[in-house]
Amino acid sequence: MSSTLERHAVGAVAVGGLLVGAGPAVVIGDRVSLRTDPPAALRAGVTLAEPATAADLPAIAEHAAAVVVGASWTRDIPLVRAAAGLGLPVVVERRASASMEEWLGLAAYCAGEGDGRVILCEGAAVPTWRSYGPRGPPRAAPRWWTSPPTSACRPPP
């Protein structure tokens with residue numbers, strides 16, 4: 001099934017003023033992580049919020065447009081269950097070592113625990129070709145590069 005057909009089968013998810021899944025990839029910059037940011041950073045109208053503990057969830061439900069299941073705590077099932085049950089869209093980040101099946105399984109779990117509005121998110125730590133300069137990535141590059149090489153950024157022969 002093509003990604004276009006999958007998008008239509010699953011549907012788009014509204015997050016704040018964005019419609020995610022209705023077109024090309026979306027970059028959302030308005031994110032607060034209560035694991036690293038002070039609680040005061042959580043303000044009304046924030047787009048994405050990641051809890052540090054279950055105690056953060058009521059404030060996230062009040063102020064955020066969506067809750068993030070962060071890559072660092074995808075195996076904390078009680079917190080995942082509570083976050084998915086907020087009634088907000090859930091953004092499920094992929095851990096660097098997570099298999100596709102594990103990532104999709106967690107997304108399905110969140111959809112079942114919540115209202116079905118789930119967005120999959122590749123972590124920002126995934127390198128691109130340009131991050132290595134004109135010589136491209138090392139020879140043992142992983143298969144999941146996010147950007148194809150351009151004429152100025154080809155891997156060495």
Side-chain angles (χ1 to χ4, degrees), residues 1-131 142-148 150 153:
M1 180 182 278
S2 75
S3 61
T4 303
L5 291 175
E6 288 172 4
R7 272 194 212 114
H8 291 293
V10 175
V13 176
V15 177
L18 299 171
L19 194 57
V20 180
V26 176
V27 176
I28 302 172
D30 187 22
R31 174 184 172 157
V32 173
S33 175
L34 296 176
R35 292 179 175 271
T36 58
D37 298 327
L42 186 60
R43 64 201 180 287
V46 70
T47 305
L48 302 177
E50 177 184 10
T53 67
D56 298 327
L57 294 175
I60 288 173
E62 182 180 342
H63 297 295
V67 62
V68 176
V69 173
S72 63
W73 58 277
T74 57
R75 292 187 173 169
D76 184 348
I77 297 303
L79 186 54
V80 170
R81 179 182 298 129
L86 286 179
L88 296 173
V90 179
V91 176
V92 179
E93 287 184 341
R94 184 177 184 183
R95 286 183 309 107
S97 62
S99 68
M100 184 64 71
E101 288 140 30
E102 182 181 358
W103 188 32
L104 294 175
L106 185 64
Y109 181 79
C110 288
E113 290 292 321
D115 61 5
R117 296 181 296 162
V118 175
I119 300 166
L120 297 173
C121 174
E122 278 283 356
V126 176
T128 64
W129 286 99
R130 291 193 179 103
S131 65
R143 293 180 296 159
W144 38 260
W145 298 99
T146 58
S147 299
T150 64
C153 301

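This one's a predicted model, so the numbers in the text were calculated from it and none came from an experiment.
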Kindly give the heavy-atom pair with the smallest separation between [X] and [Y], and that separation in Å.
| X | Y | result |
| --- | --- | --- |
| Ala55 | Pro58 | O-CD, 3.4 Å |
| Leu79 | Ala52 | CD2-O, 4.1 Å |
| Ile60 | Ala49 | CG1-CB, 3.8 Å |
| Arg43 | Asp30 | NH2-OD1, 2.7 Å |

For this session: Decide salt bridge (Lys or Arg N to Asp or Glu O under 4.0 Å) for Arg35 and Glu93; before the verdict, give the C-alpha distance in whole Å, the side-chain angles of both, and the deciding distance to 0.1 Å.
Result: CA-CA 15 Å; Arg35 292 179 175 271; Glu93 287 184 341; over 6 Å; no

Could you list the donor-acceptor pairs under 3.5 angstrom formed between side-chain atoms of residues 63-74 and any protein atom two or more places apart in sequence or on another chain?
{"unit_1": "Trp73", "atom_1": "NE1", "unit_2": "Glu50", "atom_2": "OE2", "d": "2.8"}
{"unit_1": "Thr74", "atom_1": "OG1", "unit_2": "Arg95", "atom_2": "NE", "d": "3.1"}

Seminar exercise, completed: In this structure, CZ of Arg94 is separated from CG of Leu104 (nearest 0.5 Å) by 8.0 Å

Can you find a heavy atom in the side chain of [X] that is under 4.5 Å from one in the side chain of [Y]?
| X | Y | answer |
| --- | --- | --- |
| Val15 | Ile119 | yes |
| Val118 | Val13 | no |
| Val91 | Leu120 | no |
| Glu113 | Val90 | no |

Donor-acceptor pairs under 3.5 Å, side chain of residues 80-88 to any protein atom, not counting sequence neighbours: which ones?
{"unit_1": "Arg81", "atom_1": "NE", "unit_2": "Tyr109", "atom_2": "OH", "d": "2.9"}
{"unit_1": "Arg81", "atom_1": "NH2", "unit_2": "Tyr109", "atom_2": "OH", "d": "2.9"}

